[in-house]
K.L.:
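Structure in structure tokens, see below.
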Amino acid sequence: MAIVTGKNQRWRVLGAHAFLIVLLVLTLFPLAAVISISLRPGNFANGSLIPREISLEHWKLALGFDVTTADGLVMHPPFPVLRWLWNSVKVATIASALIVAFSTTAAYAFARLRFAFKMPILNSMLLLQMFPPVLALVAIYAIFETIGNYVPALGLETHGGLIVAYLGGVATHIWTIRGYFETIPVEIEECAKVDGASHFQAFFRVLLPMAVPILMVVFVLAFVGTIIEYPVASILLREESNLTLAVGSKYYLADQKYLWGDFAAAAVLSGLPITAVFLAAQRWIVSGLTAGGVKE
Amino acid sequence: MHSSPWKRGLVAAAGALAGTGGFWLVFAIYAAHQPLLALGALALLCAGLYVYLSRAAIAWRYLFPGVVGMLLFVAFPLVYTMWIGFTNYSSTHLLSQARVKAYLLEQTVPDEDHSLQFTLHPDGDKLRVLLAPHDAAASAVRFVSPPLKLQGDDAQVATMAALPADQALVPALAVRDTLAHRDALMKLQLKMPDGRVLGYAGVHEFGPSAAVWKANADGSLTRLDDNKTYAPNDAEGFYVAADGDRLQPGYKVAVGFANYARMLADREFRGPFVSIFVWTVAFAALSVAFSLAVGCTLAVLLNWEALRFRTLYRTLLFLPYAVPGFISILVFKGLFNQNFGEINGILNAVFGIKPAWFADPMLARTMMLVVNTWLGYPYFLVLCTGLLKAIPVDLYEASAIAGARPLTNFFRITAPLIVKPLSPLIISAFAFNFNNFVLVSLLTNGRPDFLNTKIPAGTTDILVSYTYRIAFLDSGQNFGLAAAISTVIFFLVALLSFANLRVAARNAARR
């Protein structure tokens with residue numbers, strides 16, 4: 001850039017670095033602290049942030065092993081963290097797969113087929129999605145209680161019910177996939193149809209293979225979205241062995257039983273994979289974030 | 001291309017199976033006396049069958065699952081919540097009137113006047129039950145059951161027969177051994193020759209049970225032991241006696257605008273409700289303001305080419321957004337703990353203070369804003385970075401020629417140019433924080449509470465967490481009231497969405 005720099009430019013750069021470093025410390029402090037706490041013996045703070053002695057007791061407990069302390073006490077894992085992680089991953093994987101399937105087919109209809117009230121339907125779906133499910137928790141609870149009376153596998157306290165509850169959140173994904181479909185020339189499918197392919201074959205055998213990247217993106221987005229979902233899961237699941245990670249983690253920090261060190265290990269253990277997935281998908285998530293702001 | 005007959009057969013079989021299963025489910029719901037629900041399920045099923053069987057609705061074959069998912073789990077809950085807001089649905093009014101009536105009519109008490117004494121007599125590896133009148137006169141008729149296996153959890157019905165006076169049985173079990181079979185005996189019903197059915201009525205007795213309530217033709221219920229009559233009162237949702245006595249449990253009725261009237265008119269309720277509302281707006285506005293200020297400042301700084309390590313800074317500063325919210329919020333909850341938390345550890349070492357972050361309302365609110373700014377600024381950092389890239393560099397070159405300083409650059413060039421595309425996103429961020437249930441629920445749970453309120457309400461509660469509390473936690477599970485408050489929030493969210501669309505449309509038009 002051809003801007004003439006003033007004399008105080010150096011001081012400004014230094015000031016900016018100082019400011020950024022202060023902010024960086026504030027930002028990273030909680031993350032660094034939780035790693036240090038997970039390696040510190042005991043469940044209470046001892047004053048030092050850099051652990052003087054490294055202890056793996058919290059990690060062993062988080063991984064489901066018993067720990068024997070120096071004075072012979074045997075400590076059992078307080079909560080089945082791995083079980084919760086498995087529940088979360090199971091629910092999120094199945095729900096995201098179904099969400100991708102449902103939103104892909106719907107997006108195909110919106111992008112390629114003609115039917116009455118096309119845009120009103122799409123717009124009202126997007127509008128509906130602006131009301132977060134947390135506002136309708138009472139109704140959702142009542143609905144799943146009723147469903148459970150007739151189909152026990154989808155009632156309260158079931159992962160099936162939770163997965164089904166997540167299937168409503170497809171509108172934004174339909175929008176994303178539809179946008180991608182519209183960038184693919186329709187002529188390719190028309191050629192396939194001339195060769196005798198049915199609607200479904202043109203969609204499944206021709207269009208879908210070309211849209212794999214966006215399907216991956218939507219899958220990751222749905223996966224991250226469902227694995228961190230808390231309100232709906234917290235009313236549908238109550239039994240300890242049934243909980244997902246998002247619901248279960250808070251029990252570590254109950255007022256009566258404050259397990260700070262155990263929580264730290266469990267948090268790092270379960271948070272790392274999700275954070276890694278998020279960072280890997282960051283590029284697409286970010287482009288999704290800005291899509292609303294800068295429309296081309 | 002034609003699919004093979006095998007495949008077609010398979011598809012047809014799956015369709016037939018799904019259709020049959022669906023109809024069976026509809027029938028099961030109808031048989032459980034839920035005609036409206038059955039009708040809804042039937043409509044859905046027929047729509048599904050039509051879509052997948054008819055050739056006319058090809059587009060809907062692709063749309064159906066997604067649209068049904070949204071209707072069932074997004075649209076319907078919204079409508080249903082609004083409906084619940086007009087009822088008295090709560091833990092004391094849980095069931096419909098029909099279910100409450102059936103429940104009351106099923107109530108029985110043991111009829112002690114007609115009970116019989118029982119003893120157990122071994123017969124091989126099984127047992128026979130012998131019933132005799134209490135005053136065991138030798139001439140009295142005694143009844144005996146066939147040999148029974150008194151084990152397991154299954155309910156049994158045994159037919160009793162009169163025992164001939166001359167027939168003798170093996171001596172009876174001792175009381176202690178009889179008690180060992182108590183669980184099985186409690187599930188056992190004895191059918192007498194005269195048709196009466198006797199049930200377990202005590203350590204020594206089997207007896208008939210008598211109904212507590214009698215249904216009258218006008219819909220009221222009469223208690224048989226004191227002949228008191230309770231008539232259904234649909235205004236209150238209770239069975240009520242002439243002297244005003246209410247019968248528990250109550251039932252679900254529509255109460256019109258009673259829940260809304262409570263929000264406006266009930267003084268004890270209105271006080272905390274209004275302060276929660278004010279705090280919700282303040283919390284959402286301040287959260288967005290702080291996150292935007294931090295995020296935007298960072299974006300401008302990191303856009304400055306004289307600075308080194310910009311990518312490293314940007315990656316690290318983005319981290320809070322990548323860590324799942326439920327984990328980082330709980331981490332903060334621990335760090336802010338008054339006695340064991342690291343933050344107070346540092347404050348204590350440096351300044352010698354230990355603020356009570358969770359007990360003092362103002363400190364708790366401050367903490368919420370600090371945590372939410374930490375969670376929220378990366379979003380604005382990313383947004384602003386994207387928007388800054390779109391600003392032509394020559395604007396800054398021109399301002400440099402005019403001798404402008406960085407602050408002037410920001411307020412005269414940068415801010416006016418990014419504020420327009422940002423505004424719809426600011427509105428949606430406001431709407432998000434307005435309903436930021438996860439933060440409140442995991443960080444403070446609304447505490448510290450207001451003192452002297454009838455329904456527990458917290459100083460850090462926002463509207464959604466307050467409704468959650470009313471519906472699911474400590475306040476008697478008043479679903480109706482919670483749903484009414486949710487309905488109010490619907491309208492506010494709808495208003496925000498409308499504003500959002502208007503701003504976005506205006507921006508698009510000016511472009």
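All values reported here derive from a predicted model rather than from experimental measurement. Each chain gets a letter, A, B and so on, in the order the sequences are listed, and its residues count up from 1.
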K.L.:
Identify the two heavy atoms, one from A/Leu135 and one from B/Val493, that lie closest to each other, and give their separation to 0.1 Å.
P.N.:
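Heavy atoms only, the tightest pair is CD1-CG2, 4.0 Å.
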
K.L.:
From B/Leu298 CG over to A/Thr27 OG1, what is the distance, rounded to the nearest 0.5 angstrom?
P.N.:
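Here the rounded value is 7.5 Å.
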
K.L.:
For residues A/Phe19 and B/Leu301, report the shortest heavy-atom separation together with the two atoms involved.
P.N.:
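So the two residues come closest at CD2-CD1, 3.4 Å.
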
K.L.:
Only one of B/Val331, B/Leu316, B/Val323 passes side-chain contact (heavy atoms from CB on, under 4.5 Å) with A/Leu31; say which it is.
P.N.:
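Answer after filtering B/Val331, B/Leu316, B/Val323: B/Val323.
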
K.L.:
Between chain A and each of B/Phe479, B/Phe358, B/Phe437, B/Trp60, count heavy-atom pairs under 4.5 Å; write down the option with the most.
P.N.:
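The candidate making the most pairs under 4.5 Å is B/Phe437.
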
K.L.:
Of the non-hydrogen atoms in B/Leu330 and A/Phe263, which two are nearest, and what is the gap between them?
P.N.:
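Looking at all heavy atoms of both residues, the closest pair is CB-CZ, 3.3 Å.
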
K.L.:
Roughly how far, to the nearest 0.5 Å, is CD of A/Gln129 from CE of B/Met70?
P.N.:
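Rounded to the nearest 0.5 Å, the CE-CD separation comes out at 4.5 Å.
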
K.L.:
Which label fits A/Tyr258 and B/Phe340: parallel for a plane angle under 30°, tilted from 30 to 60°, or perpendicular past 60°?
P.N.:
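If you compare the ring of A/Tyr258 with that of B/Phe340, the planes turn out tilted.
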
K.L.:
Examine whether an atom of A/Val164 lies under 4.5 Å from a heavy atom of chain B, and if so say whether it belongs to the side chain, the backbone or both; otherwise answer neither.
P.N.:
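Both backbone and side chain.
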
K.L.:
Who wins among B/Pro320, B/Ala41, B/Ala494 for the most heavy-atom pairs under 4.5 Å with chain A?
P.N.:
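Looking at each option in turn, the highest pair count goes to B/Ala494.
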
K.L.:
Between A/Tyr252 and chain B, which part of the residue has a heavy atom less than 4.5 Å away: side chain, backbone, both or neither?
P.N.:
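Neither the backbone nor the side chain of A/Tyr252 comes within 4.5 Å of chain B.
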
K.L.:
Under a 4.5 Å cutoff for heavy-atom pairs, which residue among B/Tyr377, B/Phe498, B/Phe432 has the most contacts with chain A?
P.N.:
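Winner by heavy-atom pair count: B/Tyr377.
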
K.L.:
Indicate the atoms forming the closest heavy-atom contact of A/Ala139 with B/Ile84, along with that distance.
P.N.:
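Closest pair (atom of A/Ala139, atom of B/Ile84, distance): CA-CD1, 4.3 Å.
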
K.L.:
How long is the straight-line distance from CG of A/Leu20 back to CG of B/Leu317, given to the nearest 0.5 Å?
P.N.:
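Interatomic distance, B/Leu317 CG to A/Leu20 CG, rounded to 0.5 Å: 6.5 Å.
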
K.L.:
Roughly how far, to the nearest 0.5 Å, is the CD1 atom of A/Ile140 from the OG1 atom of B/Thr81?
P.N.:
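Those atoms lie 7.5 Å apart.
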
K.L.:
State, to 0.1 Å, how close A/Ile274 and B/Phe326 come at their nearest heavy-atom pair, and which atoms those are.
P.N.:
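For A/Ile274 versus B/Phe326, the nearest heavy atoms are CD1-CZ, 4.5 Å.
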
K.L.:
Counting only non-hydrogen atoms closer than 4.5 Å, does A/Ala267 touch chain B with its backbone (N, CA, C, O), its side chain (CB onward), both, or neither?
P.N.:
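For A/Ala267, backbone and side chain are both near chain B.
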
K.L.:
Would the number of heavy atoms belonging to other residues, nucleotides or ligands and lying under 6.0 Å from CZ of A/Phe115 be above 12?
P.N.:
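Yes, the 6.0 Å shell around CZ holds more than 12 heavy atoms from other groups.
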
K.L.:
Tell me, side chain or backbone of A/Arg112 under 4.5 Å from chain B's heavy atoms, or both, or neither?
P.N.:
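Neither part, no heavy atoms under 4.5 Å.
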
K.L.:
Measuring from A/Leu127:CG to B/Leu501:CG, what's the distance to the nearest 0.5 Å?
P.N.:
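Reported to 0.5 Å precision, the distance equals 6.5 Å.
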
K.L.:
Identify which part of A/Thr104 has an atom lying under 4.5 Å from any heavy atom of chain B, answering side chain, backbone, both or neither.
P.N.:
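Neither part.
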
K.L.:
For A/Ile121, is it the side chain, the backbone, both or neither that has a heavy atom under 4.5 Å from a heavy atom of chain B?
P.N.:
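For A/Ile121, the side chain is the part near chain B, not the backbone.
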
K.L.:
Measure A/Glu229 against the heavy atoms of chain B and call it side chain, backbone, both or neither at under 4.5 Å.
P.N.:
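For A/Glu229, there is no contact with chain B at all, as no heavy atom is under 4.5 Å.
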
K.L.:
Count the heavy-atom pairs under 4.5 Å between each of B/Pro324, B/Ser328, B/Pro378 and chain A, then report the option with the highest count.
P.N.:
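Highest number of pairs under 4.5 Å: B/Pro324.
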
K.L.:
Which of the residues B/Leu307, B/Ile489, B/Leu72 is involved in the greatest number of heavy-atom pairs with chain A at under 4.5 angstrom?
P.N.:
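Highest number of heavy-atom pairs under 4.5 Å: B/Leu307.
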
K.L.:
Hey, what do you get for CD1 (B/Ile327) to OG (A/Ser249), rounding to the nearest 0.5 Å?
P.N.:
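The distance works out to 5.5 Å.
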
K.L.:
Quick one: what part of B/Arg405 sits under 4.5 Å from any heavy atom of chain A, side chain, backbone, both or neither?
P.N.:
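Side chain of B/Arg405 only, per the 4.5 Å heavy-atom cut-off to chain A.
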
K.L.:
Please look at B/Leu37 and chain A and tell me whether the side chain, the backbone, both or neither of the residue comes under 4.5 angstrom of a heavy atom of that chain.
P.N.:
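B/Leu37 touches chain A through side-chain heavy atoms alone.
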
K.L.:
May I ask you to check whether over 12 heavy atoms, not counting those of A/Tyr150, lie within 6.0 Å of atom OH?
P.N.:
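Enclosed: over 12 neighbouring heavy atoms sit under 6.0 Å from OH of A/Tyr150.
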
K.L.:
So, for A/Tyr108 and B/Tyr62, is the gap between ring centers shorter than 6.0 Å?
P.N.:
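For A/Tyr108 and B/Tyr62, the ring centres are under 6.0 Å apart.
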
K.L.:
Checking A/Pro133 against chain B: side chain, backbone, both or neither under 4.5 Å from a heavy atom?
P.N.:
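Neither the backbone nor the side chain of A/Pro133 comes within 4.5 Å of chain B.
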
K.L.:
Measure distances from A/Ala107 to the heavy atoms of chain B and classify the residue's part below 4.5 Å as side chain, backbone, both or neither.
P.N.:
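Contact with chain B is absent: no heavy atom of A/Ala107 under 4.5 Å.
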
K.L.:
At a 4.5 Å cut-off on heavy atoms, which part of B/Phe309 comes close to chain A: side chain, backbone, both, or neither?
P.N.:
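B/Phe309 touches chain A through side-chain heavy atoms alone.
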
K.L.:
Donor-acceptor pair, distance only, cut-off 3.5 Å: does the side chain of B/Ser486 make one with the backbone of A/Ala136?
P.N.:
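No, because the side chain of B/Ser486 does not come within donor-acceptor range (under 3.5 Å) of the backbone of A/Ala136.
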
K.L.:
Between B/Leu442, B/Ile418, B/Val464, which shows the greatest number of heavy-atom pairs under 4.5 Å with chain A?
P.N.:
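Top option by heavy-atom pairs under 4.5 Å: B/Leu442.
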
K.L.:
Heavy atoms only, distances under 4.5 angstrom: which of A/Thr105, A/Asn149, A/Ile174 has the most pairs with chain B? Name it, please.
P.N.:
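Of A/Thr105, A/Asn149, A/Ile174, A/Thr105 has the most heavy-atom pairs under 4.5 Å with chain B.
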
K.L.:
Quick check on ring pair (Phe, Tyr, Trp, His ring centres under 6.0 Å): which of A/Phe144, A/Tyr166, A/Phe131 does B/Phe73 satisfy it with?
P.N.:
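Among A/Phe144, A/Tyr166, A/Phe131, the one meeting ring pair (Phe, Tyr, Trp, His ring centres under 6.0 Å) with B/Phe73 is A/Phe144.
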
K.L.:
So what's closer than 4.5 Å to chain B heavy atoms on A/His17: side chain, backbone, both or neither?
P.N.:
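The answer is both parts of A/His17.
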
K.L.:
Give, as side chain, backbone, both or neither, the part of A/Val13 having an atom under 4.5 angstrom from any heavy atom of chain B.
P.N.:
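Its backbone and side chain both get close to chain B.
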
K.L.:
Name the option with the most non-hydrogen atom pairs under 4.5 Å to chain B; the candidates are A/Val170, A/Val34, A/Ile143, A/Leu167.
P.N.:
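Top option by heavy-atom pairs under 4.5 Å: A/Ile143.
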
K.L.:
For chain B, find which of A/Thr146, A/Leu137, A/Val268 contributes the most heavy-atom pairs closer than 4.5 angstrom.
P.N.:
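Heavy-atom pairs under 4.5 Å are most numerous for A/Leu137.
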
K.L.:
For B/Trp304 and A/Arg12: C-alpha separation, side-chain torsions, deciding distance, then whether side-chain contact (heavy atoms from CB on, under 4.5 Å) applies.
P.N.:
CA-CA 11 Å; B/Trp304 190 19; A/Arg12 282 192 191 150; 3.6 Å; yes

K.L.:
Flag the one option from A/Gly271, A/Ala109, A/Ala246 with the top tally of heavy-atom pairs under 4.5 Å to chain B.
P.N.:
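Ranked by contacts with chain B, first place is A/Ala246.
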
K.L.:
At a heavy-atom separation under 4.5 Å, does A/Ser124 approach chain B through its side chain, its backbone, both, or neither?
P.N.:
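Answer is neither: A/Ser124 stays 4.5 Å or more from chain B.
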
